[in-house]
A.B. asks: 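Take a look at this one; I'll ask things after.
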Number of protein chains: 2
Amino acid sequence: MPTSKHAAPDRDNPTVRRSPCPVACALDLFGDRWTLLIIRDLILGRRRFKEFAESPEGIPTNILSNRLERLLNGGVVRQIPADKGSKRLAYELTEKGLALRPILLTIRDWGLQWEPETKAGMERGD
Amino acid sequence: MPTSKHAAPDRDNPTVRRSPCPVACALDLFGDRWTLLIIRDLILGRRRFKEFAESPEGIPTNILSNRLERLLNGGVVRQIPADKGSKRLAYELTEKGLALRPILLTIRDWGLQWEPETKAGMERGD
DNA sequence: AAAAATACTTGCTTTTTGCAAGTTATCTGA
DNA sequence: TCAGATAACTTGCAAAAAGCAAGTATTTTT
């Protein structure tokens, strides 16, 4: 579990909400430039810190640490052993996290339709 | 058209993209804590600067200015006269902006289902 | 012609980001 | 088994963005 002494401003406190609006609450959790890209990677089958860090957008590792912690606290991902018997950890989506899939697919579809120079790449386009 | 001398870092440059991924490109445009709340307000029929500023989340007005400018540049909103013959401006979604509606609805549904203490409020739940 | 409201802009402080470098724990194979 | 090699972070610091209060320039209203 990543734990930095810098990690715990309001953004990382899941009890601080700007309003009771479901959209606002959702954005309190994943409304930033990186979090949904980690979710995208998880949906695509990536599971390890290094794999997320190697995605083409180039997330800084301190941000990655912070976002994984936030997602853990938010119940969106959980940690599992990277290999049977290994002490290394991997990440996987919880049920709550898997439920984000329709959001990602909708965003992808919008991007493909409205943003030029955009290319598919998220398989399982159902 | 809001034009501040502080407005034009990379985030506001629509040609700077982190990757060709449609999700990443979409997040380059609206991946932050505020933009989708403005879109939500527009979908709910709010049209004026003041109305956006009065939403319960309390967006700072300089951020609101910046995000409206970004959305204008991104082709997501356009300006129209606030009333027939008025010189005051209002904002409305373009076709590209209206296409964001499914994203907002999906996020709202996720929030309602998975975030406790969340309340509906986005009418027209189709 | 004031007064009020609207739509921003500015200045300043705080928070977050991004990058490079460092650290610790785990693993691999000679 | 033990010396790299790799993985998974953490830290420090400069730069960017956010947030807040206050100010300003246009309408609009009275």
Side-chain angles (χ1 to χ4, degrees), chain A residues 1-13 16 18-19 24 27-35 37-38 41 46-72 77 79-91, chain B residues 1-13 16 18-19 24 27-35 37-38 41 46-72 77 79-91:
Chain A
M1 189 198 321
T3 301
S4 132
K5 72 179 164 191
H6 297 303
D10 276 0
R11 289 297 147 65
D12 293 322
N13 180 344
V16 174
R18 290 174 291 175
S19 84
L27 293 178
D28 282 336
L29 181 60
F30 58 72
D32 71 278
R33 278 162 41 88
W34 297 109
T35 303
L37 295 180
I38 299 172
D41 286 351
R46 295 175 191 130
R47 306 171 336 115
R48 313 244 333 227
F49 190 95
K50 196 192 168 209
E51 295 180 278
F52 306 138
E54 283 169 346
S55 280
E57 292 83 13
I59 183 171
T61 58
N62 55 344
I63 307 280
L64 176 54
S65 263
N66 173 272
R67 294 308 189 275
L68 287 171
E69 188 180 0
R70 202 183 282 180
L71 290 172
L72 283 166
V77 303
Q79 292 174 318
I80 54 169
D83 297 294
K84 57 283 163 200
S86 168
K87 283 191 174 172
R88 290 246 165 109
L89 295 172
Y91 298 86
Chain B
M1 187 200 321
T3 300
S4 132
K5 70 180 166 190
H6 297 303
D10 275 1
R11 289 296 148 67
D12 292 322
N13 181 343
V16 174
R18 291 175 289 175
S19 84
L27 293 177
D28 282 335
L29 181 59
F30 59 71
D32 71 278
R33 278 162 40 87
W34 297 109
T35 303
L37 296 181
I38 299 172
D41 286 352
R46 293 173 193 132
R47 306 170 334 114
R48 315 247 331 229
F49 190 95
K50 194 190 168 209
E51 296 179 278
F52 306 138
E54 284 169 346
S55 280
E57 293 83 11
I59 184 173
T61 57
N62 54 345
I63 307 283
L64 176 54
S65 263
N66 173 272
R67 294 307 188 276
L68 286 172
E69 188 181 2
R70 202 183 282 179
L71 290 171
L72 282 166
V77 303
Q79 292 174 319
I80 53 169
D83 297 294
K84 57 282 162 200
S86 168
K87 283 190 174 172
R88 290 251 163 105
L89 295 171
Y91 297 86

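Each chain gets a letter, A, B and so on, in the order its sequence line appears, and its residues count up from 1.
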A.B. asks: Between the main-chain N or O of B:E57 and the side-chain N or O of B:S55, is there a donor-acceptor pair closer than 3.5 Å?
C.D. replies: no

A.B. asks: Which atoms of nucleotides 19-25 of chain D (N or O only) lie under 3.5 Å from a protein N or O atom, and what are those distances?
C.D. replies:
| from | atom 1 | to | atom 2 | distance (Å) |
| --- | --- | --- | --- | --- |
| D:dG19 | OP1 | A:R11 | NH2 | 2.6 |
| D:dG19 | OP2 | B:W34 | NE1 | 2.6 |
| D:dG19 | N7 | B:N62 | ND2 | 3.3 |
| D:dC20 | N4 | B:N62 | ND2 | 2.8 |

A.B. asks: Find the distance B:E51:CD to C:dC8:C1' and express it as a whole number of Å.
C.D. replies: 16 Å

A.B. asks: Hey, is the side chain of B:S65 poking within less than 4.0 Å of OP1 or OP2 on C:dT9, counting only N and O atoms?
C.D. replies: yes

A.B. asks: Could you tell me whether the side chain of B:R18 and the main chain of A:R33 form a donor-acceptor pair under 3.5 Å?
C.D. replies: yes

A.B. asks: Among residues at least two apart in sequence or on other chains, which ones pass salt bridge (Lys or Arg N to Asp or Glu O under 4.0 Å) with A:R46?
C.D. replies: A:D41

A.B. asks: Could you go through nucleotides 26-30 of chain D and list every protein N or O atom that sits under 3.5 Å from one of its N or O atoms, giving the distance for each pair?
C.D. replies:
| from | atom 1 | to | atom 2 | distance (Å) |
| --- | --- | --- | --- | --- |
| D:dT27 | O2 | B:R88 | NH2 | 2.8 |
| D:dT28 | OP1 | B:S86 | OG | 2.6 |
| D:dT28 | OP1 | B:K87 | N | 2.5 |
| D:dT28 | OP1 | B:R88 | N | 3.2 |

A.B. asks: How many Å lie between CG on A:N66 and P on D:dC9, as a whole number?
C.D. replies: 13 Å

A.B. asks: Atom CG of A:L64 and atom C1' of D:dT10: how far apart are they, to the nearest Å?
C.D. replies: 13 Å

A.B. asks: Taking the axis from the first five pairs and the axis from the last five, what angle separates them in the helix from C:dA1-D:dT30 to C:dA30-D:dT1, rounded to 10 degrees?
C.D. replies: 30°

A.B. asks: Evaluate A:L27 against B:L37 for side chain to side chain contact (heavy atoms under 4.5 Å, CB included), listing each step before the verdict.
C.D. replies: CA-CA 9 Å; A:L27 293 178; B:L37 296 181; 3.8 Å; yes

A.B. asks: Taking B:A82's backbone N and O only, do any of them form a donor-acceptor pair with B:R47's side chain (distance below 3.5 Å, no angle check)?
C.D. replies: yes

A.B. asks: What is the distance from CZ of A:F52 to C1' of D:dC9, rounded to the nearest Å?
C.D. replies: 14 Å

A.B. asks: Does the side chain of B:K50 get closer than 4.0 angstrom to OP1 or OP2 of C:dA7 through an N or O atom?
C.D. replies: no

A.B. asks: According to the salt bridge (charged side-chain N to carboxylate O under 4.0 Å, His left out) rule, which pairs have a member within residues 58-67 of chain B, sequence neighbours left out?
C.D. replies: B:D32-B:R67

A.B. asks: Rounding to a whole Å, what distance do you find between B:R70:CZ and D:dA16:C1'?
C.D. replies: 12 Å

A.B. asks: If you look at every heavy atom in A:F52 and A:Y91, which pair is closest and at what distance?
C.D. replies: CE1-CD1, 3.9 Å

A.B. asks: Would you indicate, yes or no, if D:dA7 has its OP1 or OP2 atom less than 4.0 angstrom from a side-chain nitrogen or oxygen of A:Y91?
C.D. replies: no

A.B. asks: Can you tell me the distance, in whole Å, between the CD atom of A:E57 and the P atom of C:dT17?
C.D. replies: 16 Å

A.B. asks: Ignoring backbone atoms, test whether A:R67 places a side-chain nitrogen or oxygen under 4.0 Å from the OP1 or OP2 oxygen of C:dT17.
C.D. replies: yes

A.B. asks: Could you state the atom-to-atom distance from CG of A:D28 to P of C:dT15 in whole Å?
C.D. replies: 17 Å

A.B. asks: Between A:F49 (CZ) and C:dC27 (P), how many Å, whole number?
C.D. replies: 17 Å

A.B. asks: Could you check if a side-chain atom of A:I38 sits within less than 4.5 angstrom of a side-chain atom of A:F30, using non-hydrogen atoms only?
C.D. replies: no

A.B. asks: Take B:E69 and B:D12 through the test side chain to side chain contact (heavy atoms under 4.5 Å, CB included) and record every step on the way to the result.
C.D. replies: CA-CA 8 Å; B:E69 188 181 2; B:D12 292 322; 6.0 Å; no

A.B. asks: So which heavy atom on B:P60 is nearest to which on B:W34, and how close?
C.D. replies: CD-CZ2, 4.0 Å

A.B. asks: Using the test salt bridge (Lys or Arg N to Asp or Glu O under 4.0 Å), find all partners of B:E54 that sit at least two apart in sequence or belong to another chain.
C.D. replies: B:K50

